[in-house]
Amino acid sequence: KANDATAAENTADKDQEVIASVNQENFKGDTKEYAEKLEAEKNLYLDHLKRLQAEFENYRRRMAKEKSETAQFAYGQMAKKILPVLDNLERGLGFADKHDIDPEFVSGIRMVERQLLDVLAEFGVTPSETLGEAFDPNLHEPVYTVERSDVDENIIVEQIEKGYMLGDKVLRAAKVVVSRAAAASE
């Protein structure tokens, strides 16, 4: 950055020299020389204008990116607070499915769950599908492994807690049970 600043100062000094030579009151050169100096001054101003335009465009892009990143961060923080509520709704619905709970009540709870998922989706938060997928340590958190001969090794056979993505980033890794090869019997 120091070199950039020094180069900018040197360029600015040279620009000022050209402008000063054009603006001298007692210019005694010929018209062609004066026209060349005016052309040089014009080019300096144009170059300066183009640089300012480029700097401003870069600034606008940088600010737009920063605004987007700030919004994504805020969405993520909000979603992290809502996800435990959604988890509890899902647990309650799981309980209701196994017991004799009023179907109208369960239907109402399912609507609330759907609304929460829709609101999260509006902000780019989506659940990640895991069951039957290959285990990926970037997306999944293994809770334990289980020997299974009916599926390949490192396949997710159970989901303990749903994982969620914010766009293409992991908001919360899914807690899963992963298959492992059956131990060879001797």
Open item on the list: Before you tell me yes or no, could you show the steps for Asp47 and Arg51 under side-chain contact (heavy atoms from CB on, under 4.5 Å), namely the whole-Å CA-CA distance, both residues' side-chain angles and the distance that decides it to 0.1 Å?
Closed with: CA-CA 6 Å; Asp47 183 57; Arg51 289 175 193 267; 2.8 Å; yes
TODO: Is it possible for you to say whether Ile109 and Val85 belong to one hydrophobic cluster, with membership spreading through side-chain heavy-atom contacts below 4.5 Å?
DONE: yes
Task: Ser179 side chain vs Val151 backbone, donor-acceptor pair below 3.5 Å - done: no
- [ ] Check whether Ile82 and Leu166 end up in the same hydrophobic cluster, where Ile, Leu, Val, Met, Phe, Trp and Tyr are linked by side-chain heavy atoms less than 4.5 Å apart.
- [x] yes
Open item on the list: What I'd like to find out is whether the side chain of Glu141 reaches to under 4.5 Å of the side chain of Phe135, using heavy atoms alone.
Closed with: no
Task: Glu36, CD: over 12 other non-hydrogen atoms inside 6.0 angstrom - done: yes
Task: His140 side chain vs Asp136 backbone, donor-acceptor pair below 3.5 Å - done: yes
Task: Minimal non-hydrogen separation, Ala79 against Val125, with atom names - done: CB-CG2, 3.8 Å
TODO: List in chain and number order the residues that pass salt bridge (charged side-chain N to carboxylate O under 4.0 Å, His left out) with Asp118, two or more places apart in sequence or in another chain; answer none if no residue qualifies.
DONE: Arg114
Open item on the list: Nearest 0.5 Å, please: how far is CD in Glu55 from NZ in Lys50?
Closed with: 14.5 Å
- [ ] Supply the atom-to-atom distance Glu57 CD to Leu52 CG, rounded to the nearest 0.5 angstrom.
- [x] 13.0 Å
- [ ] Enter the distance from Lys98:NZ to Leu93:CG here, rounded to the nearest 0.5 Å.
- [x] 12.0 Å
TODO: Could you walk me through whether Phe73 and Met78 pass the side-chain contact (heavy atoms from CB on, under 4.5 Å) test, one step at a time?
DONE: CA-CA 9 Å; Phe73 177 77; Met78 176 263 319; over 6 Å; no
Task: Side-chain touch Glu158/Val176, heavy atoms, less than 4.5 angstrom - done: no
Open item on the list: If we ignore hydrogens and angles and just use 3.5 Å, is the side chain of Ser107 paired with the main-chain N or O of Pro103 as donor and acceptor?
Closed with: no
Task: Minimum heavy-atom distance between Ser128 and Tyr164, given as atom pair plus value - done: OG-N, 4.0 Å
- [ ] For Thr145 and Val178, indicate whether the former's side chain and the latter's backbone hold a donor-acceptor pair under 3.5 Å.
- [x] no
Open item on the list: Using every non-hydrogen atom in the two residues, find where Ala174 and Thr130 come nearest and quote the distance to one decimal.
Closed with: CB-CG2, 3.5 Å
Open item on the list: Once rounded to the nearest 0.5 Å, what's the spacing between atom CG of Leu46 and atom CD of Glu41?
Closed with: 11.0 Å
Task: CD on Glu66 to CZ on Arg61, rounded to 0.5 Å - done: 15.5 Å
Open item on the list: Restricting to non-hydrogen atoms, name the atom on Leu131 and the atom on Gln159 that form the minimum distance, rounded to 0.1 Å.
Closed with: CD1-N, 4.2 Å
Open item on the list: Please list all pairs meeting side chain to side chain donor-acceptor pair (under 3.5 Å) that have one or both residues in residues 73-82, counting only residues at least two apart or in different chains.
Closed with: none
Task: Side chain to side chain, Val143 and Lys175, heavy atoms closer than 4.5 Å - done: yes
TODO: Share the residues that join Met63 in a hydrophobic cluster, the rule being Ile, Leu, Val, Met, Phe, Trp or Tyr side chains under 4.5 Å apart at the heavy-atom level.
DONE: Phe56, Tyr59
Open item on the list: On a heavy-atom basis, which atom in Val106 and which in Ala96 lie closest, and how many Å separate them?
Closed with: CG2-CB, 3.5 Å
- [ ] Check whether any side-chain N or O of Arg172 sits under 3.5 Å from a backbone N or O of Lys162 as a donor-acceptor pair, and report yes or no.
- [x] yes
Task: Derivation of the side-chain contact (heavy atoms from CB on, under 4.5 Å) call for Val177 and Ile156 - done: CA-CA 6 Å; Val177 177; Ile156 296 169; over 6 Å; no
Task: Residues in salt bridge (charged side-chain N to carboxylate O under 4.0 Å, His left out) contact with Arg62, at least two apart in sequence or another chain - done: none
- [ ] Flag the pair Arg180 and Glu147 as a salt bridge only when some basic side-chain nitrogen lies within less than 4.0 angstrom of an acidic carboxylate oxygen.
- [x] yes
Open item on the list: Checking one residue: Leu49. Which other hydrophobic residues are in its cluster under the side-chain 4.5 Å linking rule?
Closed with: none
Task: Ionic contact status for Asp97 with Arg110, cut-off 4.0 Å - done: yes
TODO: Dump the intermediate steps for salt bridge (Lys or Arg N to Asp or Glu O under 4.0 Å) on Glu33 and Lys37, then the final yes or no.
DONE: CA-CA 6 Å; Glu33 184 181 334; Lys37 287 188 177 190; 3.8 Å; yes
- [ ] Dump the intermediate steps for side-chain contact (heavy atoms from CB on, under 4.5 Å) on Leu83 and Leu120, then the final yes or no.
- [x] CA-CA 9 Å; Leu83 290 179; Leu120 288 171; 4.0 Å; yes
Task: ILVMFWY network linking Phe105 to Leu89, side-chain heavy atoms under 4.5 angstrom - done: yes
Task: Linked, directly or transitively: Leu139 and Tyr144 (ILVMFWY side chains, under 4.5 Å) - done: no
Task: Non-neighbouring partners of Asp150 that pass salt bridge (charged side-chain N to carboxylate O under 4.0 Å, His left out), sequence neighbours left out - done: Arg148
Open item on the list: Less than 4.5 Å apart, side chain to side chain, heavy atoms only: is that true for Asn138 and Val170?
Closed with: no
Task: Atom pair CG/CD of Leu117 and Glu122 - distance to nearest 0.5 Å - done: 11.5 Å
